[in-house]
Amino acid sequence: MIKTLLTTLKQDKETFEVPRSVQDAIPIRRLWPDGIFQFGSKFSKTLRFSDINYAIASKEDKTAMFLDYSELLNTLDAGSTTKITINNKRVNRENFEREILLPRRDDALDGYRAEYNAMLMDKVTDSSNSVAQERYITLSVHRKSVEEARTFFDRVVHDVTSRLNHLDSHSEELDAVERLRVLHDFYRAGEETEYHLDLRECMRRGHSFKDAVCPDSLEFKKDHFVMGNKYGRVLFLKEYASYIKDSMINELTGLNRNLMLSIDIIPVPTDEAVRELQNRLLGVETNVTNWQRRQNSSNNFSAIVPYDLEQQRKETREMLDDLTTRDQRMLFAVVTLVHLADSKKELDSDTEALQSIARKHLCQLAPLSWQQADGLVTALPLGLRRISALRTLTTEALAVLMPFKAQEIRHQGGVYYGQNVISRNLILANRKELLNGNGFVLGVSGSGKSFTAKRELAALALAALLYARLFGWTDWGSLALPALVILAPPLVFALGSGWLLGRLRPWLLYVWMLLPFALAALPLPEALGLWNGGLCTSYPLTLGMLDPAFSLPAAAWAVQGLLLAAGVLLLLVAGKGKKVYNQ
């Protein structure tokens, strides 16, 4: 057997202790504020990483993402184990109302705010988008002290983070409070807002951190468990298909329930894997030779090698070729899934739905019998693995279990832009948090482009008073004069000139539309600087003040006045004229 696997299994083996309380069912023995957990001689650390748009990418982009994810799996250290977890948790209504909804201002716009908030609540409480997904990578290693473990994590976390950046996935290390929050939200579903933990205060009072995260009760049955007022069941991937689609994990985690799916990975050094496969191939060839010798002794010289022996030889050669020539690694993996429900009947129905999804991909999900406690610890992002149903896979075979789906956009104080096509979650974007805040609306006729733009304007107008509340600035009247002076003349001129040209020849309007782009590219004098934006960036610097009040040079005032007069004149001429072209 492979030496690395034997060592890992020996180190992971723990003495069984009967838990005497709910707190004892949480296997954490020690923790540090930077997020390192200790379980005996094992230490673990968790990173949260963001999703990427894999499900909606083109075939070429999917191939590139798949190869980048394969490189991430290849960089995993052979002396440690890795757990990739997808966490489905309910959107907390209280947090959503506090972060997303527009607060009352006791003014004439409160009616519109109430209507806007009601629309958002109808969207988020819908059964198809009330679940938010988070993704974690938990690294665990056996070390003699926390200093050695911290040195190992510093190196490995940097490698994992750089590989995730190649995938355009952003990651962050979770401290102890954040890691415990993940456990609290799972153990105490529906009580997310009640999580308050101060490690320093706990140490001062002599309280255990487990008291803040553990459920009220925990009872394990043969094939399920009861946690507080929730029912749960742990499943594991019992049988794998020869070919698995990359959408299977997304379909399993697409169930609208509280669940966690974890993939435990044990990397194997390439030299040990090659030696093991060479020995296996030698054994298969020996069996084939002995079978042919027995057939020859019976004068059966035309016998064909049995299918099972031929298949063993073919698969072993292919896997050996993958390791030696195609930059693949041998990995041992186990997939576990825990899901929660409000009743036993609902739990059985959800289990059947999950097993049906697995059967559709020619795989089999089976509940753990009398191992629900060990399965629960394995499925949670702790870094432990107490299920021995390991499967030998190559890098590409494991990369097919793709944890990415579709990127979510939910900014603090963002404006509602619609729903994600894949996950059906709300798209709440704040342009100030983007690298480039510009945008444009595309769509066929009648798809709602105008309504989308008006909705964004309405949302910004309703949220405008938030600036006054946060920063105490309410001098909105001072913006009236700059807006009138800068915007009114070109708008009147554009309306008058466009109206007149449209009456003469409609195609002249398309030529006239090129004028703003031409003005933006020309080096205009200061008096005309408002037409290309140059005055707004250069003139304030000449005033010698840190925050100057609004002012314009006399020449700019004169040009704006002439532009306004020309626009009014064009409106009068266009209004009295007649069309000179036939319909």
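We use all heavy atoms of the structure for the numbers below, so side chains are in, but hydrogens, waters and symmetry mates are not.
Closest heavy-atom contact between Thr4 and Pro269: OG1-CD, 3.2 Å. Considering all non-hydrogen atoms of both residues, Arg329 and Leu76 come closest at NH1-O, 2.8 Å. The heavy-atom pair separating His184 from Ala212 by the smallest distance is CD2-O, 3.1 Å. Contact record, Phe153 with Leu139: CE2-O, 3.5 Å, taken as the closest heavy-atom pair. The two residues Thr138 and Ser44 make their nearest non-hydrogen contact at CG2-CB, 4.1 Å. When all heavy atoms are compared, the tightest approach of Leu252 to Leu354 is O-CD2, 3.5 Å.
Ion pair Lys210/Asp24 not flagged as a salt bridge, since none of the NZ, NE, NH1 or NH2 atoms sits closer than 4.0 Å to an Asp/Glu carboxylate oxygen. Remark: Glu310 does not engage Lys314 in a salt bridge, criterion side-chain N to carboxylate O under 4.0 Å. In summary, Arg280 and Glu315 do not engage in a salt bridge, as defined by a charged side-chain N under 4.0 Å from a carboxylate O. Electrostatic pairing of Glu346 and Arg257 counts as a salt bridge here, judged by a charged N lying under 4.0 Å from a carboxylate O. A salt bridge does not link Asp264 with Arg385: every distance from a Lys NZ or Arg NE/NH1/NH2 to an Asp or Glu carboxylate oxygen is 4.0 Å or more. Taking 4.0 Å as the cut-off between side-chain N and carboxylate O, Glu147 and Arg150 do not count as a salt-bridged pair. A salt bridge does not link Lys245 to Glu251: none of the charged nitrogens lies less than 4.0 Å from a carboxylate oxygen. One finds a salt bridge joining Arg233 and Asp223 here, because a Lys/Arg side-chain nitrogen approaches an Asp/Glu carboxylate oxygen to under 4.0 Å.
Under 3.5 Å, the side chains of Ser50 and His170 contain no donor-acceptor pair of N or O atoms. Donor-acceptor pairing under 3.5 Å is lacking for the side chains of Gln407 and Asp51. Side-chain contact of Asn290 with Arg293: a donor-acceptor pair under 3.5 Å is present, judged by distance alone. Using modelled atom types, one finds a donor on one side chain and an acceptor on the other under 3.5 Å when comparing Ser140 with Thr81. Inspection of the Asp61 and Ser58 side chains reveals an N or O donor paired with an N or O acceptor under 3.5 Å. Side-chain atoms of Asn74 and Thr395 include a donor-acceptor pair closer than 3.5 Å. No donor-acceptor contact under 3.5 angstrom links the side chains of Asn250 and Tyr54, judged on distance only.
Contact annotation: the side chain of Phe404 never approaches that of Met65 to less than 4.5 Å [non-hydrogen atoms, C-beta and beyond]. Two residues are said to be in side-chain contact when any heavy atoms from C-beta on lie closer than 4.5 Å; Asp374 and Leu368 fail this criterion. Counting heavy atoms from C-beta on, the side chains of Val182 and Arg179 never come closer than 4.5 Å. Taking 4.5 Å as the limit, every side-chain heavy atom of Pro367 sits out of range of all side-chain heavy atoms of His224. In this structure, Phe66 and Asp246 have side chains that are not in contact, with every pair of non-hydrogen atoms separated by 4.5 Å or more. For the pair Thr378/Phe236, no side-chain contact is recorded, criterion being any heavy-atom separation below 4.5 Å from C-beta on. Between Val400 and Tyr243 there is no side-chain heavy-atom pair separated by less than 4.5 Å. For the pair Glu285/Arg313, a side-chain contact is recorded, criterion being any heavy-atom separation below 4.5 Å from C-beta on.
Exactly one residue among Thr253, Thr351, Asn258 makes a side chain to side chain donor-acceptor pair (under 3.5 Å) with His339. That residue is Thr351.
Residues passing the salt bridge (Lys or Arg N to Asp or Glu O under 4.0 Å) test with Asp216 are Arg188, sequence neighbours excluded. Partners of Glu71 by salt bridge (Lys or Arg N to Asp or Glu O under 4.0 Å), not counting sequence neighbours, listed by chain and number: Arg163.
With Ser162 contributing its side chain and Asp159 its backbone, the two residues share a donor-acceptor pair below 3.5 Å. Remark: side-chain polar atoms of Lys83 are paired, donor with acceptor, to backbone N or O of Leu384 under 3.5 angstrom. Counting only distance, with no hydrogens or angles, the side chain of Gln292 and the backbone of Val305 share no donor-acceptor pair below 3.5 Å.
The 12-atom threshold is exceeded at NZ of Lys344, counting heavy atoms of other residues, nucleotides or ligands nearer than 6.0 Å. Within 6.0 Å of CZ on Arg155 lie more than 12 heavy atoms contributed by other residues, nucleotides or ligands.
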Steps toward salt bridge (charged side-chain N to carboxylate O under 4.0 Å, His left out) verdict (Asp12, Lys42): CA-CA 8 Å; Asp12 289 344; Lys42 197 170 191 178; 3.2 Å; yes
Worked check of salt bridge (charged side-chain N to carboxylate O under 4.0 Å, His left out) between Arg359 and Glu352: CA-CA 10 Å; Arg359 286 194 296 267; Glu352 178 59 31; 2.8 Å; yes
Derivation and outcome, salt bridge (charged side-chain N to carboxylate O under 4.0 Å, His left out), residues Lys89 and Glu192: CA-CA 10 Å; Lys89 62 179 185 178; Glu192 292 84 0; over 6 Å; no
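Ring pair Tyr187/Tyr195: centre-to-centre distance not below 6.0 Å.
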